[in-house]
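This report concerns only the one structure given below.
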Amino acid sequence: MLYYLFDYFNKILNISGTGVFQYITFRSSLAFILSLLLSTIYGKRVIKFLQKQQVGETIRELGLEGQNEKAGTPTMGGLIIIFATLIPVLLFAKLHNIYIVLLIVTTLWMGTIGFIDDYIKIFKKDKQGLKGIFKVVGQVGLGLIVGSVLYFNPHVTVRTDTGKTDIFKQTTETVVAPVSLEEKSTATTIPFVKNNEFDYAEVLSFMGDGYEKWAWIIFIPVVIFIITAVSNGANLTDGIDGLAAGTSAISVLTLAIFTFVSGNIIFSNYLNIMYIPNSGEMTVFIAAFAGALIGFLWYNSYPASVFMGDTGSLTIGGIIAVLAIAVRKELLIPLLCGIFLVENFSVVLQVSYFKYTKKRFGEGRRIFLMSPLHHHYQKKGYHESKIVTRFWIVAILLAILSIVTLKLR
C-alpha cells in the first residue's frame, strides 16, 4: 500500500526522494526490518494470548529426554510468522504482481489448513489432528491453483535469450541490447548442467505437432507433487526447538538471491540464466518472510517459549515450494531443502523397512532408533541444541552449493 502511495507522490506530485520506493532492494530492506520487529516485539503478546487461551502443546510419550518439560508450551506460533510476513508485504510489495498474489494465497491457504489441524489437536483433544486425507486434499487444491495460474496466466512469462550485453564494458556510446520477446513457457532449470533449461512440454513431444499446448498435463501434477512433498517435509522437520524455523530461514534467504537475479535482466544476462519478468518482486515477500522466521526464532530457540505447530510448518513448506517453482528452481529443491528431504526420506525408509521385515521375518525391524532423523540423534543422547546447530550448518553448506549452481555447470 505504501508503494502505491509513494508512487503517487513521485509521479504525480513529483516530491523529491519518494522515488526510492521503486527500488526492490529498498523495499525488501524495509520489509525485513518491519517483519523482524513485528515478530519479536508483538510475538511476546501473541504468546501471552495463546497461554491465556490455554493453547498448549500435547506431548506424545516418545521416550525422549526433556520431552515432558515441553508439555503445555503454547503452540500455533505459526500465526506470528504469518502476520509478521503479510503486514510488511501488504505495505511494501506491488500487490498487483501475480507472484505476490500467489504467495499471499499460499500463505493464507496453508496457514488455514495448519490452523484447523492445530485447533482439532488442542480444542477437540484429538492428537491426530486433521485427517491426513484432508491435508492432502488441501495441498493438492493449492497445487492446482498455483500450477494453473503459472501455466495459464499471461503475466507469467520468461526470456531465455536476453542478448549479449557486457555490463562491465567501459564506453561512451549508448548500447542497446537485442530485445527478446517474453513468452509463455514451462521451461525450468537443471542444476549443474550446461545449457541447463528443460521444458516439461518436451516429455509430450511424441504426440507430434502442437504437443506444447498439452504441457499442463505434466506441469500441473509436478507442481502439486512439489508443494505436497515440501510442505510435508517442513512439517516433519518441526520436531525440536528452532530446527524448522532456522533451516527454513537459510533456504528462503538463498531463494531471495535467485529471485533477485532472475528478475533483473542485467544480472540474468551476465549469469546466463533464465530471465523471469516481474519475479524480482518476490524478493520483497522473501525478505518479510525471512525476517518473520528469524524473529520467531527469538522465542522458538531452545528452550522454546512457543511452537509453530502445523500452522507454521505447513505454511513454511508451501511458501518455499511456490517460490522455487515460480523462479524455475524446483529441481534444486532436493539440494536447497536437503534437510527437509532427509527428514522426509528417513520416515519413509523407516516405515517401509519396518513393514518389509515384519512381513518377511514376522518381526518389524528399524533402521533408525526413531524417525524423523532428528529424533534418532536425540535417542543417541545428543542435546537438542547440538542437533539443531549441526543441522543449520548442513543447511548453510547446502545453500552455498545451491548458489554456486548459478555459475558452476
Side-chain angles (χ1 to χ4, degrees), residues 57-75 77-78 81 121 127 129 229-254 293-294 296-310 312-314 316-317 320 333-358 363-402:
E57 181 76 4
T58 302
I59 303 296
R60 289 186 298 167
E61 183 55 51
L62 299 175
L64 299 172
E65 185 180 349
Q67 180 185 14
N68 294 328
E69 298 172 5
K70 298 184 178 184
T73 301
T75 187
I81 299 172
K121 288 177 182 176
K127 294 181 180 180
V230 177
S231 57
N232 286 331
N235 194 22
L236 289 172
T237 304
D238 180 33
I240 53 180
D241 301 347
L243 180 57
T247 53
S248 298
I250 294 166
S251 296
V252 297
L253 286 171
T254 306
L293 288 170
I294 294 171
F296 180 76
L297 269 174
W298 185 270
Y299 301 105
N300 186 239
S301 57
Y302 182 86
S305 302
V306 65
F307 300 138
M308 68 171 64
D310 283 15
S313 59
L314 289 176
I316 287 172
I320 290 175
I333 287 178
L335 179 64
L336 176 61
C337 300
I339 298 296
F340 292 174
L341 177 67
V342 170
E343 294 275 48
N344 218 340
F345 188 63
S346 68
V347 173
V348 173
L349 203 59
Q350 182 90 320
V351 172
S352 300
Y353 187 71
F354 185 87
K355 290 181 178 179
Y356 168 75
T357 53
K358 187 173 183 178
E363 179 184 13
R365 301 175 185 176
R366 294 175 173 83
I367 299 173
F368 306 103
L369 297 178
M370 183 180 288
S371 64
L373 187 61
H374 57 263
H375 286 326
H376 169 77
Y377 290 111
Q378 279 186 285
K379 282 285 191 180
K380 292 189 73 172
Y382 289 89
H383 192 274
E384 280 190 46
S385 298
K386 184 179 286 292
I387 298 170
V388 170
T389 302
R390 289 182 174 178
F391 273 51
W392 285 359
I393 292 171
V394 173
I396 291 171
L397 291 173
L398 294 175
I400 293 171
L401 284 174
S402 299

Show me, pair by pair, the donor-acceptor contacts under 3.5 angstrom made by side chains of residues 385-400, not counting sequence neighbours?
residue	atom	partner	partner atom	Å
Thr389	OG1	Ser385	O	2.8
Trp392	NE1	Gly242	O	3.3

query = Looking at residues at least two apart in the chain, or sitting in another chain, which of them share a salt bridge (charged side-chain N to carboxylate O under 4.0 Å, His left out) with Asp241?
reply =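 Asp241 satisfies salt bridge (charged side-chain N to carboxylate O under 4.0 Å, His left out) with Lys70 only.
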Pairing residues for [X] by the side chain to side chain donor-acceptor pair (under 3.5 Å) criterion, not counting sequence neighbours:
X: Asn344; answer: none
X: Tyr356; answer: Arg360
X: Ser231; answer: Gln139
X: Ser402; answer: none

Can you tell me how far the [atom1] atom of [X] sits from the [atom2] atom of [Y], to the nearest 0.5 Å?
X: Thr237; Y: Leu243; atom1: OG1; atom2: CG; answer: 6.0 Å
X: Leu236; Y: Ile339; atom1: CG; atom2: CD1; answer: 13.0 Å
X: Asn232; Y: Leu314; atom1: CG; atom2: CG; answer: 7.0 Å
X: Ile316; Y: Ile81; atom1: CD1; atom2: CD1; answer: 4.0 Å

query = What residues, two or more places apart in sequence or in another chain, satisfy side chain to side chain contact (heavy atoms under 4.5 Å, CB included) together with Ile294?
reply =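 Per chain and number, Ile294 pairs via side chain to side chain contact (heavy atoms under 4.5 Å, CB included) with Phe32, Leu36, Ala249.
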Side chain to side chain contact (heavy atoms under 4.5 Å, CB included) involving Val348 - partner list, sequence neighbours excluded =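 Residues passing side chain to side chain contact (heavy atoms under 4.5 Å, CB included) with Val348: Ser352.
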inquiry  = Does Phe354 have more than 12 heavy atoms from other residues, nucleotides or ligands lying within 6.0 Å of its CZ?
reply    =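 Result for CZ/Phe354: enclosed.
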query = Heavy-atom distance under 4.5 Å between the side chains of Gln378 and His375, does that happen here?
reply =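 In contact.
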Search all heavy atoms of [X] against all heavy atoms of [Y] and return the closest pair with its distance.
X: Phe296; Y: Gly77; result: CE1-O, 3.4 Å
X: Ser305; Y: Pro74; result: O-CD, 3.4 Å
X: Ser313; Y: Met308; result: N-SD, 3.5 Å
X: Ser251; Y: Ile320; result: CB-CD1, 4.4 Å
X: Ser248; Y: Phe340; result: OG-CZ, 3.4 Å

Check: residues 365-374 side-chain donor-acceptor pairs under 3.5 Å, at least two apart:
residue	atom	partner	partner atom	Å
His374	ND1	Glu343	OE1	3.4
His374	ND1	Glu343	OE2	2.5

query = Going by the salt bridge (charged side-chain N to carboxylate O under 4.0 Å, His left out) test, which pairs reach into residues 298-310, not counting sequence neighbours?
reply =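 Applying salt bridge (charged side-chain N to carboxylate O under 4.0 Å, His left out) to every pair that reaches into residues 298-310, excluding sequence neighbours, yields Lys121-Asp310, Lys135-Asp310.
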request  = With sequence neighbours left out, write down each residue that passes ring-ring contact (aromatic ring centres under 6.0 Å, His included) with Tyr353, or none if nothing qualifies.
outcome  =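 Testing Tyr353 for ring-ring contact (aromatic ring centres under 6.0 Å, His included), a comparison that skips the adjacent residues, returns none.
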